[in-house]
Every structure is written in structure tokens, then in C-alpha cells.
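All of these numbers come straight from a predicted model, not from anything done at the bench.
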Protein chains: 2
Amino acid sequence: MSLAKPAFPAPDHDHGRCTAEALTHAEAVCEQRSQKFTPIRRQVLQALLSSHRPLGAYEVIDELAKSMPRPAPITVYRALDFLMANGLVHRIESRNAYLACAHDHDATSAVAFLICERCGLVGEVPAAPFAQGLNQAARSSGFAPRLSVVEITGTCTHCQTHA
Amino acid sequence: MSLAKPAFPAPDHDHGRCTAEALTHAEAVCEQRSQKFTPIRRQVLQALLSSHRPLGAYEVIDELAKSMPRPAPITVYRALDFLMANGLVHRIESRNAYLACAHDHDATSAVAFLICERCGLVGEVPAAPFAQGLNQAARSSGFAPRLSVVEITGTCTHCQTHA
DNA sequence: GAGATATTATAAGTAAGCTTACGATCTATC
DNA sequence: GATAGATCGTAAGCTTACTTATAATATCTC
Ligand SMILES: [Zn+2]
Ligand SMILES: [Zn+2]
Ligand SMILES: [Zn+2]
Ligand SMILES: [Zn+2]
């Protein structure tokens, strides 16, 4: 509920507002970039926003099927591609799944994901604090890093206290 | 060729020796743990060792099919599970693929993977130098990290110089 | 309002990743 | 040498992930 969103979604956060803000943000981003935030793109984003869990493409389809004629895979993939290209959705590599980005971070700035093994929720933290160490480790091997995937599994605060 | 293996496999390294050492190491590990390094497990590891590229399960099957009756998926998955459980193989999450571990690192110590976009080779670097920063970033959100997936794509030394 | 461009719908298909089920064999261990 | 546990073979099937291809709309531009 605070203005600065926490890295990990609190169980008691105002998710309605959380969703609304994300949609508003998406509209703004598309406006800014002269990109069209079409109905299907909005619906896919809404499906992902329904939780802070990453959804596989077919889970998105299932989610959408609840409120519309079941979309074809290609339809969803196109929307996901669009949303990712515009920094509105992240792909969680270790899950082959997609997560709505609830933050207003720079599209180029790297993030790390915190994946709770117990409840499945996923949070984002900025990678800036440790990105340098990461890149340095790569460069010391003569490797030129371009994109880093950092996905940390563990237990979130809430699940730790409710063991 | 040096004793301390480089993080990224050099194009001119003695791969025969590299493979032989990895197999010897695997034998030793299994011996130590009273685990059986059966023929199929050895063959799967050898298939992965044939390159420093991560192979998908079906690529492993294809590789094995060259020198034996085509194994069933389950056969390969069982062997992969065994090899991973014993720290002889890593799973590259961003590729859904498996990589033979050529290093003698502690099974519990985290590693990061360097994935060359051009040649597909993958190197390992110890995550120790930046693991602390990583864990701290997670803990600052009250998150208890257990396992980190760090996969860095970019360009390896060799491919940089041979643009 | 004609033509170009972007987006979506429809249909079908490919292939990877992984599992379930069950019987056979092999290997300790008593 | 009987029993239990581990491993492997065989067969089949399921789900997810993603693509190709083509036709239909919608939107923009002149
Ligand atoms: Zn984000
Ligand atoms: Zn949790
Ligand atoms: Zn390793
Ligand atoms: Zn390379």
C-alpha cells in the first residue's frame, strides 16, 4: 500500500489497486511509445496480473477461457511477445512462465526474481546492487555479458513465519 | 591445458583430456558415495561431454542413438536425474538443457553460467564473489534464498575476436 | 476511398519435455 | 537361495511450448 512498492508482494496488499496501477502504467507506456494497447493485449496482461505468480502460456489461455472464447496459442504468444518487448511482462526462465511486471523500472535495467517455493509468488528486486560483481565475474573470463538471468528460489517472509 | 581449468572452455583446449578427466572424476565421486556409475549413466555423461554445449534431453537421445539402440526418454531422464543429484551435471534453466560439469567444485557452492550467444559454448564461474551481494539483495526483502540460478548470455572471448 | 501497414482470427501441426505403468534383471544381504 | 532394493527396458501417453500459413479486419496515410 506504500508508494514505493516492496520487492515481494505482501499477502495483505491491495491487489485491486496493484492491478489497476499496472494497467494504467501499461496504457501510459503504450501511449508514450505509440503502441496499441489492444483488447487482447490488455486481457493477457490482466490474466497475468490476477496473481503475482508466473503463468505458463497455457495457463494464460486457461485463464482467458474463463471470460471469452478460448484463444489460440498463437494469439497469446503474440500478446506476450508484445508485452515483453514493451517491458510490461517478464519471462521467468526457470519456469518457462510469464510474470506481469508491476514496477515502473527502466526496461534496460536488470532485475532479479525471488521465487517462493512455498506459495509460488514472485517478487522483483533491482539487480543494480550486485550487477557489477556479476559482470565483473563474467568479464574476468573475457566474456562480454549482455543479459543476465537471475532467479532466486527460497522462502518469502510470509511463508517463513507461517511454517 | 593448465591445471586450473578456465571458466570458459578455450577453443584449442585438449578436449580428449577434458573428457577423460571428467569421467575419472565421475567415477571417483560415485565410488566415494557408494553410487553406481552404470553404463547408461556413463553414456549419458559422455554424450554431454562431447561438447561444452548444453544438450536438451532429446539431443542426448539423438547423440546416444549414434552408438546404441535409441534409448527411451525415461532412460535418459533417469540418468540425468542421477547425474544432477551427484553434481556431475547442471541444468541450464534458460535452455531447458543439461551441461556436464567439468569442474571439481563443491556440490553446494553456487555457480554462474556464461552462455555464448554465438558459439553456444557454456562456461562456469564460481558464484562466490557475488553470491553475498545476491543473497543480501534477497534478504533485504525478507526473502530466505536457497538456490540461485544465474545464467549470463553474451559473447565469449573467442567469438569477440572472430567477429 | 484506395492502398499500405498493423493486428487479429482460424486452422493445423511440430516437437520438446517429461511422466505413468509394469515387468524384467541385477545386486546386495541375510 | 530367498527376499528386498535398486536399476533398467519397454510401451505408451500427456502436456507444454511454440510455429507456419493464410485469410480477415482494422487503422493509418495519402
Ligand atoms: Zn519488472
Ligand atoms: Zn511464500
Ligand atoms: Zn559445475
Ligand atoms: Zn563463443
Side-chain angles (χ1 to χ4, degrees), chain A residues 26-27 29-48 53-65 67-86 88-99 120 149 151, chain B residues 26-27 29-48 53-65 67-86 88-99 120 149 151:
Chain A
E27 281 165 10
V29 166
C30 292
E31 176 81 13
Q32 219 171 20
R33 302 178 159 217
S34 312
Q35 298 273 285
K36 293 173 203 160
F37 195 47
T38 63
I40 184 68
R41 290 168 179 175
R42 170 184 290 266
Q43 286 162 320
V44 168
L45 183 58
Q46 273 177 326
L48 292 177
R53 253 173 282 276
L55 299 185
Y58 276 61
E59 288 179 297
V60 172
I61 292 176
D62 289 343
E63 188 65 29
L64 292 187
S67 59
M68 62 181 287
R70 187 178 197 81
I74 185 70
T75 303
V76 166
Y77 279 108
R78 282 196 282 236
L80 287 172
D81 285 345
F82 173 88
L83 294 167
M84 281 192 293
N86 290 281
L88 301 168
V89 161
H90 299 293
R91 183 181 157 90
I92 307 295
E93 298 292 345
S94 62
R95 302 286 170 107
N96 294 331
Y98 305 86
L99 179 75
V149 170
E151 298 174 5
Chain B
E27 281 166 10
V29 166
C30 292
E31 176 80 14
Q32 218 171 21
R33 301 179 159 215
S34 311
Q35 298 273 289
K36 293 172 204 161
F37 194 48
T38 64
I40 186 69
R41 290 167 179 174
R42 169 184 291 265
Q43 285 162 320
V44 167
L45 183 58
Q46 273 176 327
L48 292 178
R53 253 172 282 275
L55 299 186
Y58 276 60
E59 288 179 298
V60 172
I61 292 177
D62 290 342
E63 187 66 30
L64 292 187
S67 60
M68 61 181 286
R70 187 178 198 79
I74 184 69
T75 303
V76 166
Y77 278 108
R78 281 196 283 233
L80 287 172
D81 285 345
F82 172 88
L83 294 168
M84 282 193 291
N86 290 281
L88 300 169
V89 161
H90 299 294
R91 183 181 157 90
I92 306 296
E93 297 292 345
S94 61
R95 303 285 171 106
N96 294 329
Y98 305 86
L99 179 75
V149 170
E151 298 174 5

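When the P atom of dC18(C) is taken as reference, atom CG of Asn96(A) falls 8 Å away, rounded to whole Å. For the pair Ile92(A) CD1 and dT16(D) P, the interatomic distance rounds to 18 Å; values are reported in whole Å. The distance from atom CG of Asp81(A) to atom P of dT8(C) is 12 Å, rounded to the nearest whole Å. Computed from coordinates, the Tyr77(B) OH to dG13(D) C1' distance equals 14 Å when rounded to whole Å. What separates CD of Gln35(B) from C1' of dT27(C) is a distance of 14 Å, to the nearest Å. Across the protein-nucleic acid pair, Ile74(B) atom CD1 and dT20(C) atom P stand 8 Å apart, rounded to whole Å. The CG atom of Leu55(A) sits 18 Å away from the P atom of dT15(D) (whole-angstrom rounding). Atoms CD1 (Ile61(B)) and C1' (dT19(C)) sit 13 Å apart, rounded to a whole Å.
Scanning all heavy atoms of the two residues, the minimum distance from Glu151(A) to Val149(A) falls at OE2-CG1, 3.4 Å.
Side-chain proximity of Thr38(B) to the nucleotides dC8(D), dA11(D), dT7(C) is greatest for dC8(D).
For dA9(C), the base has a donor-acceptor partner in the side chain of Arg78(A) [N/O atoms by modelled type, under 3.5 angstrom]. Counting atom types as modelled, Tyr58(B) pairs no side-chain N or O with a base atom of dA15(C) as donor and acceptor under 3.5 Å.
Atom-to-atom distance recorded for Leu80(A):CG and Met84(A):CE is 6.0 Å, nearest 0.5 angstrom. The CZ atom of Arg91(A) sits 10.0 Å away from atom CG of Asp81(A), with the distance rounded to the nearest 0.5 Å.
Under a 3.5 Å cut-off, the side chain of Gln35(A) and the backbone N or O of Asn86(A) do not form any donor-acceptor pair.
Using a 4.0 Å heavy-atom criterion, one finds that Ala57(A) contacts the sugar-phosphate atoms exclusively.
Side-chain contact between Glu31(A) and Phe37(A) is absent, with no heavy atoms from C-beta onward closer than 4.5 Å. Residues Met68(B) and Ile40(B) meet the side-chain proximity criterion, which asks for heavy atoms closer than 4.5 Å.
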Polar-atom pairs under 3.5 Å, protein N or O versus N or O of nucleotides 28-30 of chain C: list them with distances, or write none.
none

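Taking only side-chain nitrogens and oxygens, Tyr98(A) comes nearer than 4.0 Å to OP1 or OP2 of dC18(D). Between Arg95(B) and the phosphate of dA17(D), there is no side-chain N or O to OP1/OP2 separation shorter than 4.0 Å. Residue Arg70(A) places none of its side-chain N or O atoms closer than 4.0 Å to OP1 or OP2 of dA9(C).
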(message) Between Glu93(B) and Arg95(A), does the salt bridge (charged side-chain N to carboxylate O under 4.0 Å, His left out) criterion hold? Intermediate values first, please.
(response) CA-CA 8 Å; Glu93(B) 297 292 345; Arg95(A) 302 286 170 107; over 6 Å; no
